[in-house]
Protein chains: 2
Amino acid sequence: MSYDKNIRQCPRDVFSEYLAKHHKRRTPERFAILDSAMSTPDHFTIESFHDKLESEGFHVSLATIYSTLELLVDCGLVRRHRFGSDSARYERTAGSANHHHLVCSRCGKVKEVRDASLSEAISAIRYPGFAASYFSLNIYGLCRACQKRERKAGQTSRKVNKNNQTLSTIRNRKK
Amino acid sequence: MSYDKNIRQCPRDVFSEYLAKHHKRRTPERFAILDSAMSTPDHFTIESFHDKLESEGFHVSLATIYSTLELLVDCGLVRRHRFGSDSARYERTAGSANHHHLVCSRCGKVKEVRDASLSEAISAIRYPGFAASYFSLNIYGLCRACQKRERKAGQTSRKVNKNNQTLSTIRNRKK
DNA sequence: TTTACTGCAAATATTTTGCAATATC
DNA sequence: GATATTGCAAAATATTTGCAGTAAA
């Protein structure tokens with residue numbers, strides 16, 4: 001799997017060649033999106049990316065952002081992740097060494113974990129008939145905060161209401 | 001990471017204990033969903049699962065299926081995956097040895113790959129402060145069929161229309 | 001000059017939420 | 001008896017699509 005094979009080439013050239021090969025057009029919108037994506041080091045969503053472009057003075061429609069990011073994923077400059085039920089998250093390939101994610105199933109929080117040897121191990125595997133481009137490894141479980149809440153819930157088998165009062169507390173008070 | 005820690009316990013008992021601990025109710029709907037999920041060996045979506053339940057003679061609302069599957073994920077009996085832009089896919093934990101997925105970024109096709117040593121390596125990693133439950137490793141790239149199409153597109157730099165005719169073909173024909 | 005691309009708005013698809021009726025604890 | 005759960009329908013989100021105008025090749 002030749003991960004990040006393109007990162008030593010200028011992204012604009014990679015994209016340009018890709019567009020030419022696929023008989024697609026070099027529009028200012030596409031290059032504005034490319035440039036902005038390449039200058040974003042962190043994860044981003046379509047929505048946050050749209051906002052960023054607006055604040056940079058570019059008005060590009062959501063539909064165009066969707067379609068262009070699909071192209072950028074297709075030519076290997078951008079990765080696309082899907083964690084919980086929320087929207088997809090994107091990240092540039094260049095400058096983002098392969099990492100994986102701890103995803104809290106309870107609250108949806110995502111944490112990045114860098115692990116060079118694991119990334120290498122995963123990247124080294126070849127799949128006959130499948131041209132791998134990148135991987136997305138997500139470990140699902142409970143984050144620290146949600147574990148704390150979990151322990152609290154299990155501590156007692158007494159029934160508690162939303163205010164954390166036991167039923168007997170309530171009954172006594174009513175007398 | 002204690003993956004599949006519950007598979008040797010009867011799923012009904014696991015779920016029952018979980019519900020009791022969280023002060024949730026043992027409803028017939030929840031156990032119908034549990035039973036049906038546990039007897040489904042393959043991936044399923046909410047939609048396909050709903051259809052399956054109907055065909056088995058259970059009428060349970062989509063909202064209840066959503067909420068119950070969330071509980072089943074939470075107590076480790078079911079895993080939840082998110083591949084492309086389509087709906088989430090679920091699978092029972094028991095009887096589905098850890099595997100990963102080849103996902104075609106072009107057509108969305110998903111193929112399972114079994115790899116015991118890789119699964120073990122991933123499962124062996126501990127994360128301080130994070131209680132891991134399961135992992136989802138997705139390799140994105142092009143499947144065989146989409147690679148074929150890709151090669152065809154790149155073969156020539158002549159412009160072709162949707163019927164794969166070059167512009168000169170069309171021009172000649174028009175004369 | 002052909003046709004792909006864009007923006008906008010409408011359409012889809014998926015998941016969540018509000019509420020009244022019901023069933024569990 | 002108190003309240004969590006259910007089904008239904010409506011709402012909220014995310015993404016895709018249709019179309020008319022525009023621009024790249």
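The sequence lines fix the lettering, A, B, ..., with proteins before strands; numbering per chain opens at 1. Because the structure is a prediction, the values reported are computed rather than measured.
Distance CZ (B/R82) to P (D/dA14): 11 Å, rounded to an integer number of Å. In this structure, A/R89 atom CZ and D/dT15 atom C1' are separated by 17 Å, rounded to whole Å. Residue A/Y66 contributes atom OH, which lies 13 Å from atom C1' of C/dT12 at whole-angstrom precision. Atom P of nucleotide C/dT6 and atom CG of A/L53 are separated by 13 Å, given to the nearest angstrom. Between the CD1 atom of B/I65 and the P atom of C/dT16 there is a distance of 13 Å, rounded to whole Å. Atom CG in A/L71 sits about 12 Å away from atom C1' in C/dA4, given to the nearest Å. The distance from atom CD of B/E47 to atom C1' of C/dT12 is 13 Å, rounded to the nearest whole Å. Straight-line distance from the NE2 atom of A/H59 to the C1' atom of C/dT6: 10 Å, rounded to whole Å.
A/H59 and A/E54 are linked by a side-chain donor-acceptor pair at a separation below 3.5 angstrom, with hydrogens and angles left out of the test.
Using a 30° and 60° split on the angle between ring planes, A/F44 and A/F49 fall in the parallel class, below 30°.
A/Y90 has its ring centre no less than 6.0 Å from the ring centre of A/H43.
Among C/dT6, D/dA4, C/dT16, the nucleotide with an atom closest to any side-chain atom of B/R25 is D/dA4.
Applying the 4.0 Å criterion to OP1 and OP2 of D/dT5, one finds that B/H22 has every side-chain N and O outside that range. A close approach under 4.0 Å does occur between a side-chain nitrogen or oxygen of B/T64 and OP1 or OP2 of D/dG7. Look at A/H50 and you won't find any side-chain N or O under 4.0 angstrom from OP1 or OP2 of D/dA14. For D/dA4, neither phosphate oxygen OP1 nor OP2 lies less than 4.0 angstrom from any side-chain nitrogen or oxygen of B/T27.
Where B/A88 and A/L19 meet DNA chain C, the nucleotide closest to each residue was compared, and A/L19 sits on the side nearer the 5' end. When each of A/P28 and B/V60 is assigned the nucleotide of DNA chain D with its nearest heavy atom, B/V60 is the one assigned upstream, toward the 5' end. Of the residues near DNA chain C, B/A63 and B/K24, the one whose nearest nucleotide (by heavy atom distance) lies more toward the 5' end is B/A63.
Salt bridge status for B/E150 with A/K21: present, with a side-chain N to carboxylate O gap under 4.0 Å.
For B/R30 and D/dT5, a side-chain-to-base donor-acceptor distance below 3.5 Å is absent, hydrogens and geometry of angles not being considered.
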Steps toward side-chain hydrogen bond (donor to acceptor under 3.5 Å, both in side chains) verdict (A/S67, A/T64): CA-CA 5 Å; A/S67 87; A/T64 300; 5.5 Å; no
